[in-house]
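Below is one structure; the comments refer to it alone.
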Amino acid sequence: MTTILVTGGTGTLGRLVTERLRTDGHEVRVLSRHSRPYAVDLREGGAGLDTALAGVDTVVHCATTQRGGDERSAANLVAAAKRAGVAHLVYISIVGVDRVPLGYYRSKLAVEKLVEESGLGWTVLRATQFHDLVVRVLRALARMPVLVLPAHASDQPVEVAEVADRLAGLAVGAPAGRVPDVGGPEVRTFESLARSYLDATGRRRAVVNVPLVGKTYRAFRAGGHLAPEHAVGKGTFEEYLAVRFGGGEGGRRG
């Protein structure tokens, strides 16, 4: 079986990718800043990274942070992967990184370019936002008595487990370049997602839609982050909420 390294292997996505690959019988190494024996900060690189990559056939790069440093991390990873003779680098990106002028998206696009120009065999998959991220945003907004939303905004959340399945399948295949995007089953207004969240958690909030300004808002409003032509996901937002908040905001089942 293949030896595979998963960066960010303790995160929301990386943990599930790791589980699926191990279930299929592959040797999987988990690399993260605090997970031994391969506790490595990709932003720093170093001998620990070389050790983690020794004998690895494929790398699935899930590690990311919105605090900056993704490009430096990717450069260190690519350089070390080339030294180790890695045959295949799989990268998870986001739908719309080439259309939405958000700083984090620009960084993800830059990493895509690093992967494509690495000289390694490569595969890049873009996905729409995970259900969990939508919930985190709505939970933060719902701290106020009035839930204020960006007007005319939509989203297409996807079940993270489905993206993990797709990544695991790509990891054991041949390098495929840029593969078709993975989008959730429905394009939904942000208001409809917010109302479903409020219902699932038993919260009562007035919902107000407010027009915003700026290039990033215009790109989101225009659907630059959506992939309606790739609505291949099956799990709906309501199904996710039912599992996560079966007992309300303070309870959980499943």
Side-chain angles (χ1 to χ4, degrees), residues 8 10-16 62 64-68 70 92-97 99-108 126-164 182-228 231 233-254:
T10 59
T12 301
L13 175 63
R15 175 177 52 83
L16 295 177
C62 297
T64 186
T65 175
Q66 296 193 30
R67 295 188 295 273
D70 274 11
I92 179 66
S93 189
I94 306 171
V95 170
V97 292
R99 300 190 295 262
V100 178
L102 190 67
Y104 179 58
Y105 279 34
R106 287 172 171 163
S107 179
K108 296 289 283 187
R126 292 179 181 176
T128 54
Q129 308 297 331
F130 299 153
H131 291 136
D132 175 70
L133 177 60
V134 176
V135 165
R136 280 188 280 143
V137 170
L138 291 173
R139 175 181 284 156
L141 294 174
R143 290 172 182 162
M144 303 298 291
V146 176
L147 202 160
V148 180
L149 302 174
H152 312 298
S154 298
D155 210 344
Q156 189 182 352
V158 67
E159 173 56 49
V160 64
E162 295 177 344
V163 179
V182 171
E186 303 173 305
V187 175
R188 301 275 299 276
T189 66
F190 212 62
E191 180 177 349
S192 75
L193 295 170
R195 293 192 183 280
S196 290
Y197 168 76
L198 293 173
D199 288 343
T201 57
R203 293 188 172 195
R204 294 178 180 271
R205 297 287 189 277
V207 177
V208 177
N209 291 284
V210 177
L212 303 179
V213 297
K215 292 180 179 180
T216 298
Y217 170 65
R218 288 197 297 270
F220 277 120
R221 188 179 61 189
H225 61 305
L226 306 177
K234 303 298 182 183
T236 68
F237 190 56
E238 281 71 23
E239 289 169 342
Y240 170 82
L241 292 173
V243 172
R244 180 162 180 179
F245 301 111
E249 180 70 65
R252 180 178 298 192
R253 71 184 181 200

State whether the side chain of His152 and the backbone N or O of Thr189 hold a donor-acceptor pair below 3.5 Å, judged by distance alone.
-> no
From the list Asp70, Leu13, Ile94, side-chain contact (heavy atoms from CB on, under 4.5 Å) with Thr64 holds only for Asp70
Next item on the list: Output, in order, the C-alpha distance, side-chain angles, deciding distance and verdict of side chain to side chain contact (heavy atoms under 4.5 Å, CB included) for Val158 and Gln129.
Entry: CA-CA 6 Å; Val158 67; Gln129 308 297 331; over 6 Å; no
query = Can you tell if the side chain of Phe220 reaches within under 4.5 Å of the side chain of Leu212, non-hydrogen atoms only?
reply = no
Nearest heavy-atom approach of Tyr105 to Val97 is O-CB, 3.6 Å
Heavy-atom side-chain proximity of Lys234 to Pro185 below 4.5 angstrom
no
Rounded to the nearest 0.5 Å, the OG atom of Ser93 sits from the NZ atom of Lys108 at a distance of 5.5 Å
Rounding to 0.5 Å, atoms NE2 (His225) and OG (Ser154) come to a distance of 6.5 Å
Tightest non-hydrogen contact, residues Pro101 and Arg106, listed as CB-NH2, 3.3 Å
(request) Let me see the working for Thr201 and Arg139 under side chain to side chain contact (heavy atoms under 4.5 Å, CB included), right down to the final yes or no. (result) CA-CA 10 Å; Thr201 57; Arg139 175 181 284 156; over 6 Å; no
Please examine the side chains of Thr236 and Glu239, heavy atoms only from C-beta on, and report whether any two atoms are closer than 4.5 Å. yes
Looking only at heavy atoms, the pair that brings Pro211 and Ala151 closest together is N-CB, 3.7 Å
Here the pair of heavy atoms bringing Thr12 nearest to Arg15 is O-NH2, 4.2 Å
Review point. Do Leu147 and Val208 have side chains that get closer than 4.5 Å, going by heavy atoms?
Key: no
Original post:
Is a side-chain donor or acceptor of Thr128 paired with a backbone partner of Gly184 at a separation under 3.5 angstrom?
Top reply: yes
The reported gap from OG in Ser192 to CD in Glu186 (rounded to nearest 0.5 angstrom) is 8.0 Å
- prompt: Any side-chain heavy-atom pair from Val210 and Leu149 closer than 4.5 angstrom?
  reply: no
Minimal heavy-atom distance between Ala127 and Ile92, with the atoms involved, is CB-CD1, 4.2 Å
Can you tell whether the side chains of Arg188 and Glu238 come within less than 4.0 Å, N to carboxylate O? yes
Checklist entry - So do the side chains of Pro150 and Tyr217 get within less than 4.5 Å of each other, counting heavy atoms only? => result yes
- So, the side chain of Glu159 versus the backbone of His131: is there a donor-acceptor pair under 3.5 Å, distance only? no
Q) Where the side chain of Arg205 meets the backbone of Met144, is there a donor-acceptor pair that is under 3.5 Å apart? A) yes
Could you go through the side chain to side chain contact (heavy atoms under 4.5 Å, CB included) check for Val135 and Phe245 one step at a time?
CA-CA 11 Å; Val135 165; Phe245 301 111; 3.8 Å; yes
In terms of heavy-atom contacts, Phe190 and Leu138 come closest through CE2-CD2, 3.8 Å
Take Asp199 and Arg195 through the salt bridge (charged side-chain N to carboxylate O under 4.0 Å, His left out) test and state the conclusion after the steps. CA-CA 6 Å; Asp199 288 343; Arg195 293 192 183 280; over 6 Å; no
Original post:
Does any N or O in the side chain of Arg126 come within less than 3.5 Å of the main-chain N or O of Val95, such that one atom is a donor and the other an acceptor?
Top reply: no
- Flag the pair Val134 / Phe130 as yes when at least one side-chain heavy-atom distance between them is below 4.5 Å, and no otherwise. no
Q. With a 4.5 Å heavy-atom cut-off, do Val148 and Leu141 have their side chains touching?
A. no
